[in-house]
Undergrad: 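Pasting a structure here, questions to come.
In the text below, chain A, chain B and the rest are named by the order of the sequence lines, each starting its count at 1.
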Amino acid sequence: MKQSKLFTKTQKFAPKDEISKNAQLLIRAGFAHKEMAGVYSFLPLGLRVIEKISEIIKVEMDAIGGMQMKNSALQVQNVWEKTNRWDDAVVDNWFKTELKNGTKVGLAFTHEEAMTNLMKNFVSSYKDLPAYPYDIRTMFRNETRAKSGLMRGREFYWKALYSFSIDEAQHNEFYERAKKSYQKIYKNVGLGAKTYLTFASGGTFSKYSHEFQTISEAGEDIIYVDEEKNIAINKEVLTDEVLSDLNVNKDNLKETKAIEVGNIFSLGTKFSEPIGLTYKNKDGKEKKVFMGSYGIGIGRLMGTIVEVFADDKGIVWPESVAPFKIHLLVLGTQSVVRSQADELYRKLQEAGVEVLYDERDIQPGQKFADSDLIGIPYRVVISERSLKDGGVELKKRNEEKGKIVKIKNLLENKKYARNNN
RNA sequence: CGGAGCAUGGUGUCAACGGCUAGCACGCACGGUUUGGGACCGUGUAGUUUGGGUUCGAAUCCCAGUGCUCCGACCA
């Protein structure tokens, strides 16, 4: 993409009423636009990141048997009444409205009810199970207080998978696979080293649920990390009983702030029972479906990545989620240099490299500053000087110094091509 | 939902005593000089959150609304 064609611009200053680092940088660099508190639009650059993250998640969900679908955002009242979650006194973060004819509808804040109800159409025998539909979509929650930039919004983009199993044993087997799959996702988006499987409060059907917490000062949660065991415990469930359950020594725990970047939950028959999702087993007996839910906030993950890796100059994207692999800057206005730069851009694209080409007629300093702010992993500078030195200057975003490489070598190096991280 | 603070061009601003043309910087437009770290010069462009009130006169004082931020509560 040519940078002159990008309608967004970078800003030197962040809006003063935006305090959190993730939102400041994402707005300054042109990834996001704030519509109102807790509501952000994703601009072209931001959307590319969102899609990269979504793709990583999809691959892992598909690998454990997930099947993507798209739920509706509008929800009718009656299903929610079956689980007693329509009443504002029970769930206070609903956005509700009504149809012209007076029918009340809500804007989905989660889809357990909707999914359970939907599956009634398709599940009647043990042969129809298990099933693992998932959805990546915008969700709405009428938060009393949006905060921390993209971290807690009133409207947010996320992935939710629901598992429908014959019984608890089948559920547990999937649950363990989901756990591993989640860890792979965090590793693949670059957060593996800082993200811990964290024990949190469960529900009627399981003692614990599991959260995935990324260590960061920007976090809202407090967790206790046991580095040796590579697990953490959420402060809200930290008791002696839990410590002995998990065989964890209190002295090995380190308190830290963390961002909840995902959670997985055993739901049991909490939803299948009131909504009536059942199947016939081999003996012809009616059985309740055993469920689980598995969520990841994609916008929040994006914000977390910014929080964790940014430096004083701007964002530093891990290669796997960066909007582009290479940021190509051409310096100077000489036509000899320009034409070589244009050709390099064309050839990189032919080689399947995602490249943002800064061919604008502006000062070098501005290009460097923009490049650092936007945070694309590899910066390639082509200029009169670099050509004289034998090629282009290649520098990684997170390294101080670049080096001269021959244009031929750059083009032949497969590691810059898409799908080759 | 409880508490606190804030609101001046597209952005920033602890610029402006109740009083003269609302200042400065960034951005943007035009011209020129520059061309490896947001360069320089000149000429322009664009603003007092909304509604009331007090006053000869309000960005400034008062009332109400709206919005934003922070702390807390809440948060499958």
Undergrad: What I want to find out is whether A:K207 reaches A:E241 closely enough, with some N-O distance under 4.0 Å, to be called a salt bridge.
TA: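 Salt bridge: yes.
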Undergrad: Report which part of the nucleic acid A:E393 touches: base, sugar-phosphate, or nothing (heavy-atom distance under 4.0 Å, all strands).
TA: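 Answer is base: heavy atoms of A:E393 come under 4.0 Å of a base.
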Undergrad: Between B:rC6 and B:rA64, how far apart are the P atoms? Round to whole Å, please.
TA: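 Pairwise P distance, B:rA64 against B:rC6, rounds to 16 Å.
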Undergrad: Categorize A:N93 for me: base, sugar-phosphate, or nothing, with a 4.0 angstrom heavy-atom threshold over every strand shown.
TA: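 Result for A:N93 = nothing.
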Undergrad: Assign A:A14 to base, sugar-phosphate, or nothing according to its heavy-atom contacts below 4.0 angstrom with the strands shown.
TA: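 Touches sugar-phosphate only.
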Undergrad: Stacking between A:F368 and B:rG37, defined as ring centres under 5.5 angstrom apart with planes under 30°, is that present or not?
TA: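 Whether judged by distance or by angle, A:F368 passes, so it stacks on the base of B:rG37.
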Undergrad: Can we say A:E176 and A:K179 salt-bridge, meaning some charged N sits less than 4.0 Å from an Asp/Glu carboxylate O?
TA: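 Answer for the salt bridge query: yes.
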Undergrad: Once you apply a heavy-atom cut-off of 4.0 Å, does A:F109 come out as touching a base, just sugar-phosphate, or nothing?
TA: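 Nothing, no heavy atom under 4.0 Å.
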Undergrad: Hey, is the side chain of A:K34 poking within less than 4.0 Å of OP1 or OP2 on B:rU69, counting only N and O atoms?
TA: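 A:K34 to B:rU69 OP1/OP2: side-chain N or O found under 4.0 Å.
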Undergrad: Give the nucleotide from the list B:rG72, B:rG38, B:rU34 with an atom nearest to the side chain of A:Q363.
TA: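 That would be B:rU34.
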Undergrad: Look at all strands and tell whether A:S209 reaches a base, only sugar-phosphate, or nothing, counting heavy atoms closer than 4.0 Å.
TA: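 Counting heavy atoms under 4.0 Å across all strands, no contact is made by A:S209.
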Undergrad: Taking pairing as Watson-Crick or G-U wobble with both contacts under 3.5 Å, can you name the mate of B:rC26, or confirm there isn't one?
TA: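 Pair assignment: B:rC26 / B:rG10.
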Undergrad: Heavy-atom nearest nucleotide on RNA chain B for A:V381 versus A:D92: which residue maps closer to 5'?
TA: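 With A:V381 and A:D92 compared, the 5'-side residue is A:V381.
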Undergrad: If you pin A:A37 and A:L373 to their nearest nucleotides in RNA chain B, which one's is more 5'?
TA: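 Nearer the 5' end of the strand: A:L373.
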Undergrad: Could you tell me the separation between the CZ atom of A:R28 and the C1' atom of B:rU11, rounded to a whole number of Å?
TA: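 Interatomic distance, CZ of A:R28 to C1' of B:rU11: 11 Å.
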Undergrad: Aromatic contact between A:Y186 and A:F212, with the criterion being ring centroids under 6.0 Å apart: yes or no?
TA: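 That pair passes the under 6.0 Å test.
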Undergrad: Please give, in whole Å, the distance from B:rG38 P to A:D361 CG?
TA: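 It works out to 17 Å between those atoms.
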Undergrad: If I pick the C1' atom on B:rU13 and the same atom on B:rA29, what distance separates them, to the nearest angstrom?
TA: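 Between the two C1' atoms, the distance is 23 Å.
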Undergrad: Examine distances only and state if a side-chain atom of A:S20 and a backbone atom of A:G149 form a donor-acceptor pair shorter than 3.5 Å.
TA: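 Yes: the side chain of A:S20 pairs with the backbone of A:G149.
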Undergrad: Over how many whole Å does the gap from A:R145 atom CZ to B:rG67 atom C1' extend?
TA: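 In whole Å, B:rG67 C1' lies 16 Å from A:R145 CZ.
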Undergrad: Rounded to the nearest Å, what distance is computed from the CZ atom of residue A:F13 to the C1' atom of nucleotide B:rG38?
TA: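 After rounding, the reported distance stands at 10 Å.
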Undergrad: Expressed in angstrom and rounded to an integer, what is the separation of A:R152 atom CZ from B:rA73 atom C1'?
TA: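 Answer to the nearest Å: 10 Å.
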Undergrad: Applying the side-chain hydrogen bond (donor to acceptor under 3.5 Å, both in side chains) criterion to A:Q213, which one of A:D221, A:T195, A:T256 satisfies it?
TA: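 Going through A:D221, A:T195, A:T256 one by one, the side-chain hydrogen bond (donor to acceptor under 3.5 Å, both in side chains) with A:Q213 is satisfied by A:D221 alone.
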Undergrad: Sequence neighbours excluded, which residues qualify as side-chain contact (heavy atoms from CB on, under 4.5 Å) partners of A:Y126?
TA: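 With sequence neighbours excluded, A:Y126 shows a side-chain contact (heavy atoms from CB on, under 4.5 Å) to A:I166, A:Y279, A:K282, given in chain and number order.
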Undergrad: Can you tell me if A:R385 touches the phosphate of B:rU35, counting only side-chain N or O atoms and a distance under 4.0 Å to OP1 or OP2?
TA: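 No, A:R385 has no side-chain N/O under 4.0 Å of OP1/OP2 on B:rU35.
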Undergrad: How many Å lie between CH2 on A:W158 and C1' on B:rC75, as a whole number?
TA: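 After rounding, the reported distance stands at 12 Å.
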Undergrad: Remember a base hit wins even if backbone is also touched, and classify A:S293 as base, sugar-phosphate or nothing at under 4.0 Å, heavy atoms.
TA: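 It contacts nothing in the nucleic acid.
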Undergrad: With a 4.0 Å cut-off on heavy atoms, is A:S386 in touch with a base, just the backbone sugar-phosphate, or nothing at all?
TA: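 Contact class for A:S386: base.
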Undergrad: I'd like the C1' distance from B:rU45 over to B:rU49, given in whole Å.
TA: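 Between the two C1' atoms, the distance is 23 Å.
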Undergrad: Whole-Å distance between B:rC75 C1' and A:F265 CZ?
TA: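 Distance, rounded to whole Å: 12 Å.
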